[in-house]
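In the text below, chain A, chain B and the rest are named by the order of the sequence lines, each starting its count at 1.
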Number of protein chains: 2
Amino acid sequence: MTLEEELERFPLTGRFLFGRLRETLSLEERAAIEALPEEIATFENSVRVVEAGTVSDRSTLLIEGFMMRGLDHMDRPGEQRSALSLHVPGDFVDLHCFALKRLDHNVDTVGPARLAFVPHTKLQDVLATMPHLGRLLWSSTLLDAAMHRQWIMKLEQLTTPRRIAHIFAEIWRRLDMVGLAGPDGFDTPLTQADLADMSGSTAVHANRALRELREKGVAEFRRGRVIASDRAALEDYADFSADYLYGEGQLAIEAKHYAI
Amino acid sequence: MTLEEELERFPLTGRFLFGRLRETLSLEERAAIEALPEEIATFENSVRVVEAGTVSDRSTLLIEGFMMRGLDHMDRPGEQRSALSLHVPGDFVDLHCFALKRLDHNVDTVGPARLAFVPHTKLQDVLATMPHLGRLLWSSTLLDAAMHRQWIMKLEQLTTPRRIAHIFAEIWRRLDMVGLAGPDGFDTPLTQADLADMSGSTAVHANRALRELREKGVAEFRRGRVIASDRAALEDYADFSADYLYGEGQLAIEAKHYAI
DNA sequence: CGCATCCTTGAGGGCCATCAAAATGCGTGG
DNA sequence: CCACGCATTTTGATGGCCCTCAAGGATGCG
């Protein structure tokens with residue numbers, strides 16, 4: 001099914017796992033997912049949707065826009081924050097809190113966003129009646145963990161310009177999977193300060209790193225728009241390999257194993 | 001049940017989730033876990049147990065010793081590696097590969113270790129018949145993700161001495177939970193080069209960072225033995241808070257939610 | 001006792017943080 | 001349409017953390 005058809009039939013959740021494991025879901029299962037949200041809401045830029053430490057009985061699915069998971073720095077709340085992951089439409093942002101209940105980080109919007117809230121009671125019903133779907137939900141939280149690991153590697157190994165290039169490469173691939181990227185770039189609501197948070201750097205240095213990317217011809221960043229005419233060069237510069245996103249290439253392998 | 005009793009009845013898997021969510025497991029469920037391993041094996045220091053990229057049909061439970069998940073740096077294989085997580089006895093090291101099948105990183109021993117291999121077919125049987133246990137297995141993979149997030153924060157926010165102090169503080173707490181720590185420190189097979197890999201630094205700089213920890217009275221590290229007389233000072237210095245480990249303090253909350 | 005591994009120390013240089021200030025773009029309201 | 005305020009971006013200067021290369025010292029094992 002194409003993305004357009006998918007979104008026609010499942011306008012809220014059609015992007016969930018699209019380009020990855022969605023193909024292994026039956027239509028009944030996709031319908032069950034579409035029926036999960038109890039409430040749809042729209043938020044403005046930089047709104048804290050869930051606060052770290054709170055016990056929650058619902059999870060957030062991102063329909064439209066971007067979100068970030070992070071933590072305020074303990075010394076100066078609100079000033080310097082630690083970015084843990086960025087989320088694009090189709091992501092079940094804090095599904096893991098269904099199993100852990102208490103969230104260990106904040107969940108904020110980056111730019112305006114439309115969200116679907118899924119009560120955990122409904123998830124529990126789905127798990128009881130649709131075990132295969134339950135396993136796929138599990139997998140989707142593990143994709144998050146795989147991205148975490150790549151971020152760790154990125155922070156341990158790369159300089160700031162390469163870290164930012166890696167961020168660009170990852171977001172681009174992920175937007176691609178849900179049909180929201182262009183042929184030579186993509187749009188985000190990110191600021192240079194956001195990039196600094198994600199790369200463990202400062203806004204000033206992120207600015208200089210972006211200049212280097214521009215001068216090297218790797219990528220351009222202007223007010224949230226990322227343009228890179230040579231995608232291979234960008235991914236090469238960032239030591240980026242899309243394997244950890246478990247995208248289309250791996251689907252053949254996965255689908256076989258998921259045929260319970 | 002005390003840890004001693006637990007290990008008496010479940011010598012292989014008695015430490016799995018001990019001090020965290022194990023209390024929510026029935027005796028039948030614990031017995032089911034104990035019956036999972038198909039093979040027990042002992043390995044020497046620095047043995048690669050699973051190679052990145054391979055499709056695996058079994059997962060590894062760490063019974064005794066330490067393991068590390070990581071990636072070799074692309075340019076110089078075997079030389080500079082990126083450490084992603086360290087594992088202690090009781091950890092279901094690569095359980096996530098049950099759901100994702102393909103591993104995105106290597107799994108190596110650090111020092112000698114005793115491992116239990118669990119075939120995925122057995123896990124599948126357990127999931128089919130014991131849904132509650134299945135959810136707990138899910139949770140255990142999410143604890144890994146929570147630790148990943150804390151590592152990301154650690155790398156983004158802290159200097160190398162504080163990163164190493166954070167590593168010490170985390171390992172100490174985790175060894176505590178499975179009864180393997182002392183009152184003023186703990187033993188590991190880690191070298192200074194390992195600490196460097198874990199903190200995204202170099203062996204030389206890790207050495208200087210350890211000297212600073214020693215001079216500041218935060219912690220001592222001598223041939224794998226970590227000694228810190230003032231644990232609060234160590235955790236304070238490292239900006240460490242054990243919440244993300246979802247240990248005993250949170251059990252009351254969790255247990256309630258897990259009473260399906 | 002010899003060897004391998006690990007630890008330690010020095011010197012030089014590069015990446016990045018910090019402080020400070022100015023320029024640019026953008027929405028609001030006059 | 002212009003003025004204004006505000007967030008964001010840009011640039012400079014200084015200093016600190018950390019990398020790299022190099023060499024020597026300690027420890028443990030056969």
Side-chain angles (χ1 to χ4, degrees), chain A residues 44-47 73 75-76 78-82 108-112 154-166 187-216 219-227 237, chain B residues 44-47 73 75-76 78-82 108-112 154-166 187-216 219-227 237:
Chain A
E44 291 307 305
N45 180 26
S46 292
V47 174
H73 194 74
D75 306 347
R76 300 153 290 180
E79 188 177 334
Q80 167 94 328
R81 74 172 171 177
S82 183
D108 303 331
T109 62
V110 183
K154 173 183 76 191
L155 292 167
E156 286 178 344
Q157 305 272 352
L158 306 180
T159 62
T160 299
R162 289 178 199 272
R163 287 178 192 175
I164 290 179
H166 194 282
D187 285 315
T188 76
L190 294 171
T191 66
Q192 295 189 3
D194 292 327
L195 292 176
D197 290 339
M198 286 191 270
S199 56
S201 184
T202 62
V204 170
H205 193 60
N207 178 276
R208 295 190 227 264
L210 286 171
R211 176 163 45 143
E212 185 168 338
L213 293 185
R214 196 185 324 124
E215 289 171 351
K216 278 210 164 78
E220 297 216 14
F221 182 82
R222 281 198 304 268
R223 311 203 84 69
R225 172 177 291 255
V226 175
I227 301 172
Y237 180 80
Chain B
E44 291 307 304
N45 180 24
S46 292
V47 174
H73 194 75
D75 305 348
R76 300 151 291 180
E79 189 177 333
Q80 166 93 329
R81 75 174 168 175
S82 185
D108 303 329
T109 62
V110 183
K154 171 184 77 190
L155 292 166
E156 286 178 345
Q157 305 273 351
L158 305 181
T159 61
T160 298
R162 290 177 199 272
R163 287 179 192 176
I164 291 180
H166 194 281
D187 285 316
T188 75
L190 294 170
T191 65
Q192 294 189 3
D194 293 326
L195 291 176
D197 291 339
M198 286 191 269
S199 57
S201 185
T202 62
V204 171
H205 193 63
N207 178 276
R208 294 191 228 265
L210 286 171
R211 174 166 42 143
E212 183 167 339
L213 293 185
R214 194 184 326 122
E215 290 173 349
K216 278 212 164 79
E220 295 216 16
F221 182 82
R222 279 197 305 267
R223 309 202 82 71
R225 172 177 291 257
V226 176
I227 301 172
Y237 180 79

* Please tell me which of the listed nucleotides, dT8(D), dC18(D), dC7(C), lies nearest to the side chain of Thr191(B)? => dC7(C)
[N], OP1 or OP2 - any side-chain N/O from [X] closer than 4.0 Å?
X	N	answer
Arg211(B)	dT9(C)	yes
Thr202(A)	dA17(C)	yes
Thr159(A)	dC15(C)	no

* Which part of the nucleic acid, if any, lies within contact of Gly200(A), taking any heavy atom under 4.0 Å across all strands shown: a base, the sugar-phosphate backbone alone, or nothing? -> sugar-phosphate
* Heavy-atom side-chain contact between Glu44(A) and Thr109(A) under 4.5 Å -> no
* Please lay out, stage by stage, how Ile227(B) and Arg222(B) fare under the test side chain to side chain contact (heavy atoms under 4.5 Å, CB included). => CA-CA 8 Å; Ile227(B) 301 172; Arg222(B) 279 197 305 267; 4.1 Å; yes
Separation of [N] [atom2] from [X] [atom1] (nearest whole Å):
X	N	atom1	atom2	result
His205(B)	dC16(C)	NE2	C1'	13 Å
Asn207(B)	dC17(D)	CG	P	17 Å
Arg222(A)	dT10(D)	CZ	C1'	15 Å

* Less than 4.0 Å between a side-chain N and a carboxylate O, is that true for Arg81(A) and Asp194(A)? -> yes
* Tell me, please, whether Tyr237(A) has Arg162(A) positioned over its six-membered ring: NZ or CZ under 6.0 Å from the ring centre and within 45 degrees of its axis? => yes
* Asked: If you find the nucleotide of DNA chain C closest to Arg223(A) and the one closest to Gln192(B), which residue's nucleotide is nearer the 5' end?
  -> Gln192(B)
